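When reading the values below, keep in mind they use all heavy atoms of this one structure, side chains included, and skip hydrogens, waters and symmetry mates. Treat the numbers as computed from the prediction; the structure is a model and nothing was measured.
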Amino acid sequence: MKRLFPLFSALAAVPFVALLLVSLGYTLGEASLLAVMFLPGLFAFRHFLPQIRFAERRRGALQLFYLTGAVLTFEYVALMLTNFYLRYNASVWRYDITMPDLLQNPLFILLLLAACALPMHWIELRCNTQPARDRYVEFISDRRRVRLETERISYLESNDSEVWIHTSTGESLRTKTKISQWEQQLDDRFLRIHRSYIVNADRVARHTAGAVVVDGRTLEVSRKYRDSVRAAIPESAPSARVRHISNDKPS
């Protein structure tokens, strides 16, 4: 149910936007259709904004600029085409594409998106202060069903068409489930650090910019995931030395 909350909260913003558009001269039906066109922008901001990191200010500012530009461009085109459709007069084959000046103002579109997105984000934080964590995970390993305590998982390693689950007790279990599926299935304590690795953040002893140490094993952190790893796990002292392990198949 919690996974559907973003959808329900976004849909709840549609009547608010529709009533505002009614004041610009649209009928309720027209305003409702135009209001739906704001949903992609809301979902884009909700999904991508938390991924922007301002540890490097210039990079974060550029990412925010590109995101804002992309959302504004999409919203303006969507609103213009929807307005074009609504104003079409089929009886005389004429097109009236005039749109209220306020709806053409990019600042107004941004303010409207912010007015809907910020309350959504605040309510979502209030309702999800402590994400639920699964106590057990079930999967098939070597043709037998395994029920494993989630906290016992140290890290997952993708090796060709197989994924190996390494536990805190030194056990390694083989599964055919793809690592991308494991990434979606596991809870928030598990962190993707490489196309081949997912680690249990609770079991990371230390890490540097390019590697993490989990239960005595050193795993590489790829450049793509370094920002998310840095944000999720406090970085070790610069003097800590780590040695990368190979991607050999576990014995």
Side-chain angles (χ1 to χ4, degrees), residues 3 44 46-60 62-64 66-67 131-142 146-251:
R3 293 181 180 179
R46 181 194 171 276
H47 179 74
F48 291 109
L49 268 180
Q51 301 182 31
I52 297 178
R53 307 297 179 186
F54 288 94
E56 299 178 19
R57 294 184 179 180
R58 184 176 180 181
R59 182 180 180 185
L62 280 175
Q63 289 176 340
L64 181 60
Y66 293 146
L67 174 61
R133 289 183 169 183
D134 296 326
R135 184 175 178 183
Y136 295 96
V137 61
E138 294 186 359
F139 56 93
I140 302 297
S141 177
D142 294 329
V146 177
R147 190 168 188 257
L148 180 66
E149 283 185 289
T150 310
E151 64 180 12
R152 287 179 53 198
I153 299 176
S154 296
Y155 66 95
L156 294 86
E157 178 183 7
S158 177
N159 196 324
D160 296 328
S161 60
E162 302 172 338
V163 170
W164 289 84
I165 300 176
H166 302 279
T167 70
S168 57
T169 57
E171 187 179 12
S172 296
L173 302 169
R174 180 172 55 186
T175 174
K176 294 293 185 181
T177 305
K178 296 180 180 179
I179 196 167
S180 57
Q181 294 175 289
W182 280 113
E183 184 180 11
Q184 296 178 356
Q185 180 180 343
L186 294 170
D187 57 49
D188 64 329
R189 84 191 90 174
F190 291 89
L191 188 66
R192 187 76 176 263
I193 64 167
H194 189 275
R195 68 184 187 90
S196 299
Y197 298 120
I198 296 175
V199 300
N200 183 344
D202 292 344
R203 295 197 171 275
V204 173
R206 66 182 187 275
H207 84 89
T208 61
V212 298
V213 178
V214 183
D215 290 347
R217 302 294 298 274
T218 304
L219 308 176
E220 180 184 358
V221 177
S222 64
R223 188 180 301 273
K224 177 181 178 181
Y225 298 102
R226 287 181 184 176
D227 288 343
S228 59
V229 172
R230 189 182 298 115
I233 310 172
E235 188 166 347
S236 305
S239 60
R241 292 186 176 182
V242 293
R243 179 176 59 85
H244 298 296
I245 64 172
S246 66
N247 289 330
D248 293 338
K249 181 177 175 180
S251 56

Student: Could you tell me the separation between the CG atom of L156 and the CD1 atom of I179, rounded to the nearest 0.5 Å?
Tutor: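 Nearest 0.5 Å value for the CG-CD1 distance: 6.0 Å.
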Student: Are L173 and E171 packed together at the side-chain level, in the sense that at least one heavy-atom pair is separated by less than 4.5 angstrom?
Tutor: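 L173 reaches E171 side chain to side chain.
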Student: What residues, two or more places apart in sequence or in another chain, satisfy side-chain contact (heavy atoms from CB on, under 4.5 Å) together with R189?
Tutor: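 R133, T150, E151, D187, N200, D202.
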Student: Would you check if Y155 and R217 make a side-chain contact, meaning some heavy-atom pair closer than 4.5 Å?
Tutor: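 Yes, their side chains come closer than 4.5 Å.
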Student: Would you compute the distance between atom NZ of K178 and atom CD of Q185 and round it to the nearest 0.5 angstrom?
Tutor: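 Output value for this atom pair is 14.5 Å.
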Student: Hey, are the side chains of L148 and I153 touching, using non-hydrogen atoms and a 4.5 Å cut-off?
Tutor: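 Yes, their side chains come closer than 4.5 Å.
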Student: What's the spacing between R195 CZ and S222 OG if we round to 0.5 Å?
Tutor: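 Taking CZ in R195 and OG in S222, the distance rounds to 9.5 Å.
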Student: Look up atom OG1 in T177 and atom CD1 in I140, then write down how far apart they are to the nearest 0.5 Å.
Tutor: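 Between atom OG1 of T177 and atom CD1 of I140 there are 8.5 Å.
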Student: For R226, look at atom CZ and say whether over 12 heavy atoms of other residues, nucleotides or ligands are found less than 6.0 Å away.
Tutor: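 Check passes, neighbour count above 12.
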Student: Could you check if a side-chain atom of V199 sits within less than 4.5 angstrom of a side-chain atom of L219, using non-hydrogen atoms only?
Tutor: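 In short, these two side chains touch, coming nearer than 4.5 Å.
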Student: Quick one, H207 and V213 - any side-chain contact, counting heavy atoms below 4.5 Å?
Tutor: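 Sidechains of V213 and H207: no contact.
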Student: How would you list, by chain and number, every residue that makes a ring pair (Phe, Tyr, Trp, His ring centres under 6.0 Å) with F139, sequence neighbours excluded?
Tutor: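 Applying ring pair (Phe, Tyr, Trp, His ring centres under 6.0 Å) to F139 gives W182.
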Student: Which heavy atom of V146 sits nearest a heavy atom of S141, and at what distance?
Tutor: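 Distance-wise, the nearest heavy atoms are CG2-CB, 3.9 Å.
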Student: The criterion is side-chain contact (heavy atoms from CB on, under 4.5 Å); which residues satisfy it with Y66, sequence neighbours excluded?
Tutor: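 For Y66 the side-chain contact (heavy atoms from CB on, under 4.5 Å) partners, ignoring immediate neighbours, are L62.
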Student: With sequence neighbours left out, write down each residue that passes side-chain contact (heavy atoms from CB on, under 4.5 Å) with S168, or none if nothing qualifies.
Tutor: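 With neighbours one apart ignored, the set is R152, S154, R203, D215.
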Student: Is there side-chain contact between I193 and I198, with heavy atoms separated by less than 4.5 Å?
Tutor: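 No, every pair of side-chain atoms sits at 4.5 Å or beyond.
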Student: Find the distance between CZ (F190) and CD (E183) and round it off to the nearest 0.5 Å.
Tutor: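 If I round to the nearest 0.5 Å, the distance is 12.5 Å.
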Student: Among residues at least two apart in sequence or on other chains, which ones pass salt bridge (charged side-chain N to carboxylate O under 4.0 Å, His left out) with R135?
Tutor: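 Expected list: none.
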Student: Anything under 30° is parallel, anything over 60° is perpendicular, the rest tilted; go ahead and classify W164 against H166.
Tutor: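 Parallel, since the angle between the ring planes stays under 30°.
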Student: Are Q181 and Q184 close enough that some pair of their side-chain heavy atoms sits under 4.5 Å apart?
Tutor: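 Result no, sub-4.5 Å side-chain heavy-atom pair not found.
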Student: Can you name the side-chain contact (heavy atoms from CB on, under 4.5 Å) partners of K176, sequence neighbours left out?
Tutor: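 Counting only residues at least two positions away or on another chain, K176 forms a side-chain contact (heavy atoms from CB on, under 4.5 Å) with S161, E162.
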Student: Please give me the minimum heavy-atom distance between R147 and Y136, naming the atom from each residue.
Tutor: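 It is NH2-CD1, 3.4 Å.
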Student: Can you measure from OG (S172) to CD1 (I165) and round to the nearest 0.5 angstrom?
Tutor: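 Output value for this atom pair is 10.0 Å.
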